[in-house]
Amino acid sequence: MFKRWKNLRRRSSSKTEPQFPTVSLTNSMPAHVAIIMDGNGRWATKRGLPRTLGHREGVNKVREVTREAARLGIKVLTLYAFSTENWKRPEEEVGFLMNLLEESLNNEIEELHKNNVVVRVSGRIHELPSALREGFHGAEEKTRHNTGLILNIALNYGGRAEIVDAARRIAAMAREGKVAVEEIDEELFSRYLYTAGLPDPDLLIRPSGEMRLSNFLLWQSAYAELYMTPVLWPDFGPADLREAIQAFQKRQRRFGGLGV
Ligand code: FPP
């Protein structure tokens, strides 16, 4: 699926994809796009299918949207794949999602690597089943010297948990005298988040019609432009990504200033 990425830059992403909405490749392209992949269950239920098939279709969209993000020159794509709260789902669905993530990573890693993608994972990774944990660590290791799109998978991720984890690490440093309390500022704090070294998201997309952040990138999204759409994730394709970016390109970002 990721094959022939190099040739995709100047072509439409597929024959069935409409050429519009047009996205300016030079003007204010978001460096970091973050997506809450929501609506898989509803997509399946609407069709009388088991929820698991919605998740499978969701993986197809991960592939298509990742490829389009690379084609557009986006630097970082963060995808919310599993939250710290998703463990509350029935055991069977959680097990299915863990297997699906492992299987998808195994299926895609070679193509991702060939296409210069850097795989990163953000979350409480140590709490994941060992095969999945090792799979993602291996993918991070394999792709760490690549220079293309950074695909950051938020896995067992919670924004509050991330802030607590950072606070604990900084407090431990302070206790050991390795950091002075006065030195703790926003820049230092950011370096202890899972996303250390990544720019904050410019554009945060939530499909499926929900109007909330659901504990996603709470610190990092302070000035992200939000784009909510009723389209369910398994229906969200490259054209929808371009539409979101086009909306982003019309926004005036002021970051608390006057925007002049
Ligand atoms: C939310 O839909 C979706 C999830 C909790 C899982 C998303 C995970 C994937 C698509 C797999 C990702 C794979 C890779 C390789 C990153 P939902 O179940 O909450 O839908 P609903 O709100 O309609 O019930």
Side-chain angles (χ1 to χ4, degrees), residues 1-5 8 32-41 43-44 50-71 74-87 89 91-158 161-162 194-198 205 207 216-217 233-234 236-238 241:
M1 248 325 208
F2 285 110
K3 276 175 194 148
R4 294 187 284 111
W5 277 18
L8 285 168
H32 183 169
V33 175
I35 308 182
I36 300 175
M37 302 186 290
D38 195 15
N40 295 349
W43 182 91
R51 291 174 55 83
T52 49
L53 284 187
H55 295 312
R56 279 212 179 275
E57 194 52 34
V59 171
N60 291 334
K61 296 303 167 178
V62 168
R63 227 182 267 124
E64 289 178 30
V65 168
T66 302
R67 188 165 58 171
E68 182 68 357
R71 191 183 75 86
I74 288 164
K75 306 273 182 258
V76 186
L77 177 67
T78 295
L79 300 177
Y80 205 178
F82 193 87
S83 78
T84 44
E85 287 68 40
N86 285 153
W87 298 106
R89 294 185 177 210
E91 209 178 312
E92 205 185 316
E93 182 165 337
V94 169
F96 178 86
L97 282 169
M98 294 296 144
N99 288 335
L100 182 66
L101 282 158
E102 192 189 333
E103 177 193 307
S104 307
L105 181 69
N106 289 339
N107 287 343
E108 308 295 346
I109 186 61
E110 286 308 326
E111 289 304 322
L112 288 166
H113 187 43
K114 267 189 222 155
N115 285 287
N116 203 20
V117 172
V118 179
V119 176
R120 253 182 90 153
V121 64
S122 292
R124 288 188 169 163
I125 304 309
H126 60 279
E127 293 175 353
L128 292 171
S130 58
L132 187 58
R133 190 174 65 226
E134 282 156 25
F136 270 100
H137 280 157
E140 282 185 318
E141 211 40 54
K142 188 182 179 81
T143 61
R144 65 184 304 144
H145 298 298
N146 289 345
T147 55
L149 173 76
I150 299 172
L151 177 61
N152 180 36
I153 308 289
L155 199 48
N156 196 22
Y157 175 88
E162 178 181 38
Y194 309 138
T195 52
L198 300 180
I205 301 173
F216 188 44
L217 300 177
W233 176 249
F236 189 99
L241 177 66

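Residues Pro207 and Asp38 share a closest heavy-atom pair of O-CB, 3.8 Å. Nearest heavy-atom pair across Arg51 and Gly41 is NH1-CA, 3.3 Å. The two residues Pro50 and Ala44 make their nearest non-hydrogen contact at O-CB, 3.2 Å. Between Lys61 and Pro234, the closest heavy-atom pair is CE-O, 2.9 Å. Here the closest heavy-atom approach between residue Gly58 and residue Asn40 is recorded as CA-OD1, 4.2 Å. Leu128 approaches Arg133 most closely through the heavy-atom pair O-NH1, 3.2 Å.
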> Should Glu127 and Thr84 be marked as a side-chain contact (heavy atoms from CB on, under 4.5 Å) after you check the CA-CA gap, both sets of side-chain angles, and the distance that decides it?
Replying inline: CA-CA 10 Å; Glu127 293 175 353; Thr84 44; 5.6 Å; no
>> One pair to check against side-chain contact (heavy atoms from CB on, under 4.5 Å): Val94 and Phe82. What are the steps and the verdict?
In response: CA-CA 9 Å; Val94 169; Phe82 193 87; 4.1 Å; yes
> Can you check side-chain hydrogen bond (donor to acceptor under 3.5 Å, both in side chains) on Glu57 and Asn60, steps first, answer last?
Replying inline: CA-CA 5 Å; Glu57 194 52 34; Asn60 291 334; 3.2 Å; yes
> Could you go step by step and tell me if Thr66 and Leu79 meet the side-chain contact (heavy atoms from CB on, under 4.5 Å) rule?
Replying inline: CA-CA 9 Å; Thr66 302; Leu79 300 177; 4.3 Å; yes
> So Glu64 and Arg67, salt bridge (charged side-chain N to carboxylate O under 4.0 Å, His left out) or not? Walk me through it.
Replying inline: CA-CA 5 Å; Glu64 289 178 30; Arg67 188 165 58 171; over 6 Å; no
> So Leu112 and Thr143, side-chain contact (heavy atoms from CB on, under 4.5 Å) or not? Walk me through it.
Replying inline: CA-CA 8 Å; Leu112 288 166; Thr143 61; 5.6 Å; no
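For the atom pair CD1 (Ile205) and OG1 (Thr78), the distance works out to 11.5 Å, reported to the nearest 0.5 Å. Note: Tyr157 OH to Glu85 CD = 10.5 Å, rounded to the nearest 0.5 Å. The CG atom of Asn152 sits 8.0 Å away from atom CD1 of Ile150, with the distance rounded to the nearest 0.5 Å. Remark: His32 NE2 to Thr195 OG1 distance equals 8.0 Å, nearest 0.5 Å. With values rounded to the nearest 0.5 angstrom, Leu241 atom CG is found 9.5 Å from Arg71 atom CZ. In this structure, NE2 in His113 is found 10.0 Å from NE2 in His145, a value given to the nearest 0.5 Å.
Between Lys142 and Glu110 there is a salt bridge, since at least one side-chain N of the basic residue sits less than 4.0 Å from a carboxylate O of the acidic one. Salt bridge present: Glu103 and Arg56 bring a charged side-chain N and a carboxylate O closer than 4.0 Å.
Taking the ring pair (Phe, Tyr, Trp, His ring centres under 6.0 Å) definition, one finds that Phe236 meets it with Trp233, sequence neighbours left out.
Counting only distance, with no hydrogens or angles, the side chain of Glu140 and the backbone of Val121 share a donor-acceptor pair below 3.5 Å. Put simply, the side chain of Asn107 never gets that close to the backbone of Ser104: no donor and acceptor are under 3.5 Å apart. Side-chain N or O atoms of Arg120 include one that pairs as donor or acceptor with a backbone N or O of Tyr194 at under 3.5 Å. A distance-only check finds a donor-acceptor pair linking the side chain of Asn156 to the backbone of Arg124 [under 3.5 Å]. At distances below 3.5 Å, at least one donor-acceptor pair connects side-chain atoms of Asn146 with backbone N or O atoms of Val117.
Side-chain contact annotation: Glu102 with Asn99, donor-acceptor N/O pair under 3.5 Å absent.
In this structure, Phe216 and Tyr80 have parallel ring planes: the angle between them is below the 30° cut-off, well short of the 60° mark.
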